[in-house]
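Here the structure comes first, spelled out in structure tokens, and everything after it is commentary.
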Amino acid sequence: MSALPDATADAANLAVLVLAAGRAPLMHELTEAEALPALPLVGRLRVVDLALGAVARAGLWRVLVALQHRPATLLRHLPARWGTGLDLRVVEGRAALGSTAGFGDAEGALRHLLGLTEAATVVVVPAARAEEPDLGGLLAAHRAGGAPATVARGEGVRAAAFDRAWLRGALTGRGLGAVWEAARAAGAPWDDPGPEGPLATLDDLRLAALRVAAAPPPLAAPLAAEAPAGVPRDRLLSLEAGGLRLWAPRLGARRPGRWTVLEDTAVLPGGRVSPGARLSRCLVAPGAVVPSTLTVGDDPEEDARWFRVTPEGTTLITTAMLARRAAARMRAQGGPLLTMQGP
């Protein structure tokens, strides 16, 4: 990634506006309790850290972040992780505007942040990205192009650099998509070298978690360091080949059913897979404990009975889904169910 050549000289006239306010409908159960940028990827690394890591790597430091949906986690995480390295201001929509509607939408969040800075140049970074954008390269292209806006090519809302006065005039209340359309018409395109676009679906999240676990960005590497599924590495026998991972406890590894098989499967921090499970193209949610007897990927119809399966083939496994499956299996086997008894 490119670094800004003279970040110190530009600091007074440049600000980074990070949009971390939204909820992704296609993340389903995962964003009921958390904002999308707060979702964990691997270790202590959250989605928002990819955007802020890009800011730090480009030599930028003045950052304003907009929060709204389920802000509690990010209100704790952002100052703790980035507050000492960046001039960071975190704004929560409902608290800032004193209403339950908060910013209203992404354009409202951007308008509010823009009103908090007088910087001549602003860089807008959506926090729901699957990789670190090259912000140094973006700013270099913005200066060289001479246009009021420089926007990454590709679909969706991606990183962009603006002359502040132009961006202020482009906020017409028609939504952030309309702002990006105007920017593409009036500005210069930029070839973002990042391999992915916006992070919007369960499939995106599974692939991003696998990629970051295999090769975490330099600033994210310490946060991403953690044994698979929360098991200490020194207690595992493990093999990895492509997207296939196999492991077993050192004690009892020769016993049948002790090897865990994960194929193109991401276990998010806080999730755990018991020895013997076999999962293919799964996304294990935080808090979910996959039992040793579970196999996912062999029978799509059976998988869809209990878990959320996307059209692209990712299977989301959550605590509630596992509990519903376990209760149904117990009823089918005639086992006892625990009930609350009165006096």
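None of the values given here were measured: they were computed from a predicted structure.
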inquiry  = side-chain contact (heavy atoms from CB on, under 4.5 Å) for Leu316 and Val284? Distances and angles first, verdict last.
reply    = CA-CA 6 Å; Leu316 174 65; Val284 180; over 6 Å; no
query = More than 12 foreign heavy atoms under 6.0 Å from CZ of Arg94: is that the case here?
reply = yes
Side chain to side chain, Val290 and Arg272, heavy atoms closer than 4.5 Å = no
key: Taking every non-hydrogen atom, the tightest pair across Thr265 and Leu210   = O-CD2, 3.2 Å
query = Are Val65 and Leu78 side-chain neighbours, meaning at least one heavy-atom pair lies under 4.5 Å?
reply = yes
inquiry  = Just so I know, are the side chains of Val124 and Phe162 near enough to count as touching, which here means a heavy-atom distance under 4.5 Å?
reply    = yes
task = Could you pull out all residues at least two apart from Asp303 that satisfy side chain to side chain donor-acceptor pair (under 3.5 Å)?
result = none
key: Within-4.5 Å side-chain heavy-atom neighbours: Leu139 and Val123   = yes
task = Measure across Leu268 and Leu41 and return the closest heavy-atom pair with its distance rounded to 0.1 Å.
result = CD2-O, 3.7 Å
request  = State, with a plain yes or no, whether a side-chain heavy atom of Leu116 is found less than 4.5 Å away from one of Leu114.
outcome  = no
Taking every non-hydrogen atom, the tightest pair across Leu322 and Val289 = CD1-O, 3.3 Å
key: Partners meeting side chain to side chain contact (heavy atoms under 4.5 Å, CB included) with Pro79 (sequence neighbours left out)   = none
query = Would you say the side-chain atoms of Asp105 pair up with the backbone N or O of Gly108, donor to acceptor, closer than 3.5 Å?
reply = yes
key: Leu113 and Arg89, any side-chain heavy atoms less than 4.5 Å apart   = no
request  = Determine the minimum heavy-atom distance between Ser292 and Ser274, stating which atoms define it.
outcome  = N-CB, 3.6 Å
key: Nearest-0.5 Å distance that lies between atom CG in Leu26 and atom CG in Leu199   = 11.0 Å
request  = Say whether, by atom type as modelled, one donor and one acceptor occur between the side chain of Glu263 and the main chain of Ser280 under 3.5 angstrom.
outcome  = no
request  = Taking side chain to side chain donor-acceptor pair (under 3.5 Å) as the test, write out the residues that go with Thr31, two or more places apart.
outcome  = none
key: By side chain to side chain donor-acceptor pair (under 3.5 Å) - contacts of Ser99 (at least two apart)   = none
ask   = Do Leu19 and Val125 come within less than 4.5 Å of each other through their side chains, counting heavy atoms only?
value = no
Rounded distance [0.5 Å steps], CZ in Arg46 versus CG in Leu74 = 7.5 Å
note = Residue set satisfying side chain to side chain contact (heavy atoms under 4.5 Å, CB included) with Arg174, at least two apart, ordered chain then number -> Thr172, Ala178
key: Any Leu30 side-chain heavy atom under 4.5 Å of Leu39 side chain   = yes
message = For the CD atom of Glu181 and the CG atom of Leu176, what is their distance to the nearest 0.5 Å?
response = 10.5 Å
message = Donor-acceptor pair, distance only, cut-off 3.5 Å: does the side chain of Asp49 make one with the backbone of Leu45?
response = no
key: Inter-residue atom distance Leu14.CG - His142.NE2, 0.5 Å rounding   = 8.5 Å
remark   = Only one of Asp87, Val55, Leu88 passes side-chain contact (heavy atoms from CB on, under 4.5 Å) with Trp82, and that residue is Leu88
Shortest non-hydrogen separation from Leu50 to Pro133 and the atoms involved = O-CD, 4.4 Å
remark   = Of Leu262, Leu279, Leu283, Ile317, the one forming a side-chain contact (heavy atoms from CB on, under 4.5 Å) with Val267 is Leu262
Residues that Ala127 engages under side chain to side chain contact (heavy atoms under 4.5 Å, CB included), provided they are two or more places apart = Val18, Ala20, Pro37, Val48
message = Show me the pairs that pass salt bridge (charged side-chain N to carboxylate O under 4.0 Å, His left out) and involve residues 25-36, at least two apart or across chains.
response = Glu29-Arg308
request  = List the steps, then state whether side-chain contact (heavy atoms from CB on, under 4.5 Å) holds for Thr201 with Thr310.
outcome  = CA-CA 9 Å; Thr201 69; Thr310 71; over 6 Å; no
Residue pairs, two or more places apart or on separate chains, that pass side-chain hydrogen bond (donor to acceptor under 3.5 Å, both in side chains) and touch residues 315-325 = none
ask   = Which ring-ring contact (aromatic ring centres under 6.0 Å, His included) pairs, counting each pair once, include a residue from residues 281-325, with sequence neighbours left out?
value = none
inquiry  = Please report the interatomic distance CG(Leu36) to CE(Met27), rounded to the nearest 0.5 Å.
reply    = 5.0 Å
remark   = Smallest heavy-atom separation, Pro148 atom then Ala186 atom, equals CD-O, 3.8 Å
message = Restricting to side chain to side chain donor-acceptor pair (under 3.5 Å), what partner residues turn up for Thr314, sequence neighbours left out?
response = Asp203, Arg206
request  = Would you give the length of the straight line joining atom OG1 of Thr117 to atom CZ of Arg164, rounded to the nearest 0.5 angstrom?
outcome  = 6.5 Å
Residues which pass ring-ring contact (aromatic ring centres under 6.0 Å, His included) with Phe103, listed by chain and number, not counting sequence neighbours = His112
task = Could you give me the CA-CA distance, side-chain angles and deciding distance for His28 and Leu202, then say whether side-chain contact (heavy atoms from CB on, under 4.5 Å) is met?
result = CA-CA 8 Å; His28 300 286; Leu202 294 171; 3.9 Å; yes
inquiry  = Suppose the criterion is salt bridge (charged side-chain N to carboxylate O under 4.0 Å, His left out): which pairs have a residue in residues 281-302, not counting sequence neighbours?
reply    = Arg278-Asp298, Glu302-Arg305
